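Excluded from the calculations below are hydrogen atoms, water molecules and symmetry mates; all remaining heavy atoms, backbone and side chain alike, are included. This is a predicted model, so every value here is computed, not measured.
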Amino acid sequence: MPTKTMNDDLGKHAMNARRISCTTLLMLCFSVANFAHGADEDTPPQRPNVLLIMVDDLGYSDLGCYGSEIKTPNLDGLAANGLRFSQFYNTAKCHSSRVSLLTGQYCIAAGDTSLAHAVTSAEVLQADGYFTAMSGKWHLDKQPTDFGFQRYFGHLSGACNYFRGDNTFRLNGEPWIVPDQDFYTTVADVDYAMRFLNEAEETTDPWFLYLAFNAPHTPLQALPEDYAKYKGRYDEGWDKIREQRVQRQHELGLLPKTSQPSERPAHIPAWDTLSEKRQTFENKRMTALAGMIDRVDQEVGRLIEHLEETGELDNTLIWFVSDNGACPYDRISQKIEAEPTRGDVSWSDSTGWAWARNSPFRLYKQNQTEGGISTPAIVHWPAGLKTKPGSIQRIPAHLIDILPTIADATDSTIPTTFADRDLRPVSGQSLLPIFEGETIEREQPIHLLFSSDRGLRDGDWKIVSFRKEPWELYNIATDRMEQHNLAHQQRDRLTQMAQKWNEMAKEVLHTQTFDPKFGVPSDKPISMTATHPEWTDFSVDPQNNVRGGTGRKKAPKSASSNKQTASGSIRARKNMQLQRRESELHLTFTGDDPGIAIDRLPEDLPPGPYRLAFDLLSEAEGNGEVFYTTTPDQSLPKGQHIPIEIESDGRWHSHTISLGDTTKIYRLRLDVSEGKGLAQIRGLRLLSTQNEPVIRWPIAKIKVLK
């Protein structure tokens, strides 16, 4: 077996991959491996450790090895000595990608956040003798310790303040209080990941670690030293940055040199046309994002260094993936005149920078176009990869393929039965042949779905629908940027693929079919002229505590706005009808800015912190948001706000939203839609710190329908 000195030498070389040639490092790895093999040829190969890293809202071009100007030397080093995918897909959404990552199934088929029809990779590997641990964002039902993870640190919520955290942090199933100072979520995630690895190393078992960073998801908050590193870098704006990234992608071989990036859509203005105030704020937003991504790389580097020091890097199968492309949703930003380097400064995303970060593709998170679903994917495994170091794999793959691959690499079995769950078949397939230098043929097309955005990738062909618009058809082999819609030229192919989408929706995902109109013949993508209520409104200057999108502007106060309502009673907001059917609230949205509000909460509520819980069935468009005020003189929508991700699939979904750490709230507002449609709410309640309901709704005098 190799000595500790040999392993130390190997580790030093791996960490300095960017300063030495890949060939030299590979020769060193092989020489150590051959020495170990020669020591005892009858020793069976050791099962690999597995390190699964997921980041949040990372664009296709946000890493150096995918074209970025952001400094990511540690991830670039993994790519230089490993394998990169150029066509690796996700679900275009946070929670659904996590379901697919962990279960090998499409989100709806797995039972959504409940995982009622699936097992996780932790459960598979734990049953086969692995030590299992997770650190970071969960965003699913219950806790990781309920799904096979023996150790867990992180937050159960979908997003949190990086400096202050929230009250959903847990350590091994128990509440964990975020420190008042010297805390930053990205750093804490790796602190505990390394702590768990130290525990694993006290055993003789191989380990599985799932590290789920919240970064670079909003709020945009960077450590001061990371923010300072990129000051001035984005003065030239998104047009130049996107051009530079595409050029690097050509040089790296990610894109054919003859390919052209997608055009700038109508909703993104040229940088030079922006006002000085808008440019200043947009500059600072991208500076914060760069610092956050840089910090992710630094923390990954700290973890890799630990693996080198312990001699485990060579036989650790490392995956690095993102849950979706860059996010365009410009919600509320606070203290835009400050720098986002502390917990009381909280900024939202920018549609303009999302366009640049998803270079060279079009559209964003939630959309099933390449900009929403195609993100970086890096595999590093010196003991198992037989591909050329630094090679680029162009075969399409998906998050659903990761569990089958891990099971294959570790010689583990994915069960077909499991206590208290009605399991459905895994839809992904093993990519291990690719790791061994071979190729694969996909057994079925890649199904793409989130909310009202849909798609199907079948070989070189792809259909995609933007927010229930007509199907578009693209030949990805010749038009990866989806610029030439062939729907009207190849109607038969389009019809067949649409039928396949419906077949898989029904038989694989167990969800609704989709039959949009085909639309008038056009060779232009519909989305190039489309709009969205949460994309940045560049026609106005940014403001504090005002939504940055075009869809929901603060309405002027009406004569009736000052009328007092009964304590705790619900009222319908603008463009909404509210009716009560027994214990359910039935909502009809007739336009923008719908929601329900409680203008005066009872004064005798027990002290918080609080959580708002409810079940929602939505057939309306878009996501939601909770607003609440913490002082009696504040009016809605001032105060605090928390985005909510909504499933608009006509099925019931449970939501629990932590309302920060405040001990008193005065007003409350709940939006569960962005536009027209229908929804139902049941079990709406405010919970105490003991998880007991302190108030239930409906309690108001709302018309009851039998």
Nearest 0.5 Å, please: how far is OG1 in T351 from NE2 in H532? 9.5 Å
Under the ring-ring contact (aromatic ring centres under 6.0 Å, His included) test against Y60, which residue among F85, Y66, W355 passes? Y66
Is there a donor in the side chain of E370 and an acceptor in the side chain of Y89, or the other way round, less than 3.5 Å apart? yes
Would you kindly say whether S322 and T375 are connected by a side-chain donor-acceptor distance under 3.5 Å? no
Going by side-chain hydrogen bond (donor to acceptor under 3.5 Å, both in side chains), name the residues that satisfy it together with D294, two or more places apart in sequence or in a different chain. K229, Y230, Q298
Checking S97 against T91: is there a side-chain donor and acceptor pair closer than 3.5 Å? yes
What residue pairs, at least two apart or across chains, pass salt bridge (charged side-chain N to carboxylate O under 4.0 Å, His left out) with a residue in residues 155-165? none
Is any NZ, NE, NH1 or NH2 atom of the basic residue among E337 and K284 found under 4.0 Å from an Asp or Glu carboxylate oxygen of the other? no
Could you tell me whether the side chains of R331 and T218 share a donor-acceptor contact shorter than 3.5 Å? no
With side chains defined as the heavy atoms from C-beta onward, is the minimum distance between R547 and H641 less than 4.5 Å? no
Give, for atom CE of M286 and atom OG of S350, the distance between the pair rounded to the nearest 0.5 Å. 9.5 Å
Report the relative orientation of the aromatic rings in H447 and Y106; use parallel for angles under 30°, tilted for 30 to 60°, perpendicular for over 60°. perpendicular
Does any non-hydrogen side-chain atom of I378 lie less than 4.5 Å from one of C65? yes
Taking the six-membered ring for Trp, are H267 and Y364 closer than 6.0 Å centroid to centroid? yes
About how many Å separate CG of L101 and OG of S96, when rounded to the nearest 0.5 Å? 11.5 Å
Would you please say whether a donor-acceptor pair under 3.5 Å links the side chains of D330 and T536? yes
Are D166 and S658 close enough that a side-chain donor and a side-chain acceptor fall under 3.5 Å? no
We want to know whether D453 and N367 form a side-chain donor-acceptor pair, criterion being a heavy-atom distance below 3.5 angstrom. yes
Test item: side-chain donor near acceptor, D112 and H95, under 3.5 Å: yes
Side chains of M54 and R98 in contact at under 4.5 Å (non-hydrogen atoms): yes
Taking C-beta and beyond as the side chain, do I293 and L58 meet within less than 4.5 Å on heavy atoms? yes
On a heavy-atom basis, which atom in P542 and which in I336 lie closest, and how many Å separate them? O-CD1, 3.6 Å
Between R362 and E263 (salt bridge meaning N to carboxylate O under 4.0 Å), is one present in this structure? no
Tell me whether the guanidinium CZ or amine NZ of K277 lies under 6.0 angstrom from the six-membered ring centre of F281 and within 45° of its axis. no
Between F183 and F163, is the ring pair (Phe, Tyr, Trp, His ring centres under 6.0 Å) condition met? List the steps. CA-CA 6 Å; F183 177 83; F163 294 97; 8.8 Å; no
Is there a side-chain contact between W652 and Q680 (heavy atoms, below 4.5 Å)? yes
Would you say V546 and I332 make side-chain contact, with heavy atoms under 4.5 Å? no
Measure the shortest side-chain to side-chain distance between H653 and T113 over non-hydrogen atoms and say whether it is less than 4.5 angstrom. no
